[in-house]
Novice: 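Here it is, the structure in full.
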Amino acid sequence: MEYRKNDIVTLKIEDCGIDGEGIGKADGFTVFVKDAVIGDTVKVKIIKAKKNYGYGRLMEVLTPSPYRVEPKCAFARQCGGCQLQALSYQQQLAFKERKVRGHLERIGGFTHIPMEPIIGMDEPYHYRNKAQFPVGRNKEGKIVTGFYAGRTHTIIDNRDCALGVKQNKEVLDRVISYMEKYGADPYDETTGKGLVRHILIRYGFFTGELMVCLILNGKKLPAEEKLIASLREIPGITSITVNVNKKRTNVILGDELRLLWGQTYITDKIGDVTYRISPLSFYQVNPRQTQKLYAKALEYAQLTGEETVWDLYCGIGTISLFLAQQARFVRGVEIVPAAIGDARENARINGIENVEFFVGKAEEVLPEEYDKNGVYADVIVVDPPRKGCEEKLLETMIQMQPKRIVYVSCDSATLARDLKYLCGKGYEMERVCAVDQFGGTVHVETVTLLTRKA
Ligand code: SAH
């Protein structure tokens with residue numbers, strides 16, 4: 001049967017798509033329904049129809065799924081941040097495991113997948129140590145901050161995100177009342193005018209140190225000292241900075257950072273290693289699960305103390321320093337200069353001397369070092385952003401013939417693509433483990449061990 005726009009249909013949701021949407025069938029016609037949960041029977045209105053499939057808007061849950069739970073956040077449905085809050089956490093984990101396996105099968109072409117059980121969180125809320133809140137005005141002209149609604153840049157006024165730390169609200173309340181009182185205008189994306197673009201907050205779970213960075217379309221804030229005085233009253237605050245970004249872009253941070261008060265960084269710990277984190281550097285957002293993720297990566301690396309290791313996409317040296325405790329020597333590569341500054345400082349404050357860091361693109365630094373200096377690796381660790389590795393990098397990795405490759409990935413689709421390449425050229429997938437770092441959302445981290453076939 002064919003359906004058309006505006007038709008109303010009743011469906012049983014039987015599957016979940018990679019973006020968390022429910023999938024059901026009506027007489028062979030597949031319908032994707034945002035906010036519907038596996039096991040629900042729902043009434044939907046078709047909003048877009050193709051020949052064999054379409055998209056439906058959830059009108060009513062007729063029979064709720066046994067997996068349905070009450071989201072903690074009142075904005076869970078509108079907000080672009082969470083897709084799975086209405087699904088029980090156990091089922092979220094099952095979904096993520098299926099998603100990774102599905103990508104490895106369909107994109108990677110693997111038939112035998114040596115997958116270990118997914119490592120979940122003890123508490124899937126309030127786990128994020130970082131948040132970047134956009135600032136704007138609502139229709140009434142009031143200053144608002146929160147998160148973007150799904151697929152738009154409309155700001156949902158919510159200062160108390162259920163994934164973030166409780167300190168976020170206090171910081172936001174203070175920054176917004178300062179802005180109202182001293183005439184610091186929010187930035188307007190459509191006109192490019194206004195000053196305050198985003199409020200970045202980072203919290204050290206282990207140290208209790210709190211960072212606030214205001215991202216500005218300009219250099220200076222009015223009555224800066226008033227903002228500083230207000231924020232300094234918050235317990236734990238150690239870093240207040242401004243970042244300048246005058247570009248008309250969706251990229252949040254600019255390059256220029258200015259200290260307003262305290263230090264330009266906070267410190268935090270993972271395991272025994274202390275890390276210094278600046279606003280410009282990448283740092284894993286879920287520190288408790290990161291420890292489990294790195295422990296898995298370390299386990300897969302099988303270090304005895306004799307190995308030479310390359311850690312590509314090393315950020316502030318988090319994995320590098322973790323591995324250096326059990327390797328002979330670790331070399332890290334990262335594109336953001338400030339992150340490498342942090343990485344070197346992190347090595348120093350931890351007294352770790354068997355590491356060296358390079359600034360540059362992994363796909364340029366490694367081939368260059370290999371061609372010029374014939375560098376060697378027993379183990380290569382990669383932890384790329386969502387787009388995965390460039391083929392040039394994978395090619396050099398193959399030439400270097402490390403015994404093991406540990407691939408840490410935040411996007412199982414690009415992971416599957418890259419593993420297909422590596423496993424087509426002499427490597428074998430030996431172990432795979434998903435580690436959930438992002439409860440409430442469809443995202444998941446995966447660690448994979450590849451070994452060189454003899
Ligand atoms: N391993 C680190 C960081 C992983 S996130 C950790 O666990 O904390 C990915 C990192 O890759 C980011 O720090 C990003 O700045 C960096 N990056 C992005 N593209 C890159 C490239 N082409 N070459 C090297 N690093 C890159």
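For ligands, and for the atoms within them, numbers begin at 1 and follow the listed sequence.
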Novice: List ligand 1 atoms under 4.0 Å from Tyr294, heavy atoms only on the residue side.
Specialist: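 Taking each heavy atom of Tyr294 in turn, ligand 1 has 6 (C), 7 (O), 8 (O) under 4.0 Å.
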Novice: With distance as the sole criterion, is a donor-acceptor pair present between the side chains of Tyr283 and Asn129 under 3.5 Å?
Specialist: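 Result is no, nothing qualifies.
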Novice: Could you identify the single nearest non-hydrogen protein atom to atom 18 (C) of ligand 1 and state the distance to 0.1 Å?
Specialist: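 Protein heavy atom at minimum distance: Pro385 CG, 3.6 Å.
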Novice: With atom 16 (C) of ligand 1 as the reference point, say which of Glu334, Glu364, Gln284 has the nearest heavy atom.
Specialist: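 Selected option, by shortest heavy-atom distance: Glu334.
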Novice: Report the nearest protein non-hydrogen atom to atom 4 (C) of ligand 1: residue, atom name, distance rounded to 0.1 Å.
Specialist: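 It is Asp383 OD2, 3.2 Å.
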Novice: For Phe32, does the CZ atom sit with more than 12 other heavy atoms under 6.0 Å from it, leaving out its own atoms?
Specialist: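 Enclosed.
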Novice: So is Cys314 in contact with ligand 1, going by heavy-atom distances below 4.0 Å?
Specialist: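 Yes; Cys314 lies near enough to ligand 1 that a heavy-atom distance drops under 4.0 Å.
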Novice: If every non-hydrogen atom of Lys453 is compared with every non-hydrogen atom of Cys423, which pair is closest and at what distance?
Specialist: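 Closest heavy-atom pair between Lys453 and Cys423: NZ-O, 4.4 Å.
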Novice: Taking distance alone, with no angle check, do Ala362 and ligand 1 share an N/O pair under 3.5 Å?
Specialist: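 N/O-N/O distance under 3.5 Å: yes.
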Novice: Taking heavy atoms and a distance under 4.0 Å, where does Glu363 meet ligand 1: side chain, backbone, both or neither?
Specialist: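 Just the side chain.
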Novice: Under 30°, 30 to 60°, or over 60°: which ring-plane class applies to Phe147 and Phe133, parallel, tilted or perpendicular?
Specialist: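 Aromatic pair Phe147/Phe133 classed tilted.
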Novice: With respect to Cys433, which candidate in Val100, Thr446, Thr448, Ile119 satisfies the side chain to side chain contact (heavy atoms under 4.5 Å, CB included) definition?
Specialist: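 Answer after filtering Val100, Thr446, Thr448, Ile119: Ile119.
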Novice: Taking atom NZ of Lys361 as the centre, does the number of heavy atoms from other residues, nucleotides or ligands within less than 6.0 Å exceed 12?
Specialist: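 Counting other residues, nucleotides and ligands, NZ of Lys361 stays at 12 neighbours or fewer.
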Novice: Output the list of atoms in ligand 1 that are nearer than 4.0 Å to some heavy atom of Val336, sorted by atom number.
Specialist: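 Every atom of ligand 1 under 4.0 Å from some heavy atom of Val336: 15 (O).
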Novice: As an exercise, identify every atom of ligand 1 less than 4.0 angstrom from a heavy atom of Thr318.
Specialist: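 Heavy-atom distances to Thr318 below 4.0 Å select 2 (C), 6 (C), 7 (O), 8 (O).
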Novice: Which of the atoms in ligand 1, numbered in the order shown and given with their element, are less than 4.0 Å from a heavy-atom of Gly360?
Specialist: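 The atoms of ligand 1 under 4.0 Å from a heavy atom of Gly360 are 23 (N), 24 (C).
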Novice: Any nitrogen or oxygen of Ile335, main chain or side chain, under 3.5 Å from a nitrogen or oxygen of ligand 1?
Specialist: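 Yes: some nitrogen or oxygen of Ile335 is under 3.5 Å from one in ligand 1.
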Novice: Applying side chain to side chain contact (heavy atoms under 4.5 Å, CB included) between Tyr275 and each of Thr318, Asp268, Ile349, report the one that passes.
Specialist: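 Among Thr318, Asp268, Ile349, the one that satisfies the side chain to side chain contact (heavy atoms under 4.5 Å, CB included) with Tyr275 is Thr318.
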Novice: Kindly confirm or rule out an N or O of Tyr313 lying under 3.5 angstrom from an N or O of ligand 1.
Specialist: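 Between Tyr313 and ligand 1 (N or O atoms, distance only) the closest approach is under 3.5 Å.
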Novice: Sequence neighbours excluded, which residues qualify as side chain to side chain donor-acceptor pair (under 3.5 Å) partners of Ser230?
Specialist: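 Counting only residues at least two positions away or on another chain, Ser230 forms a side chain to side chain donor-acceptor pair (under 3.5 Å) with Arg174.
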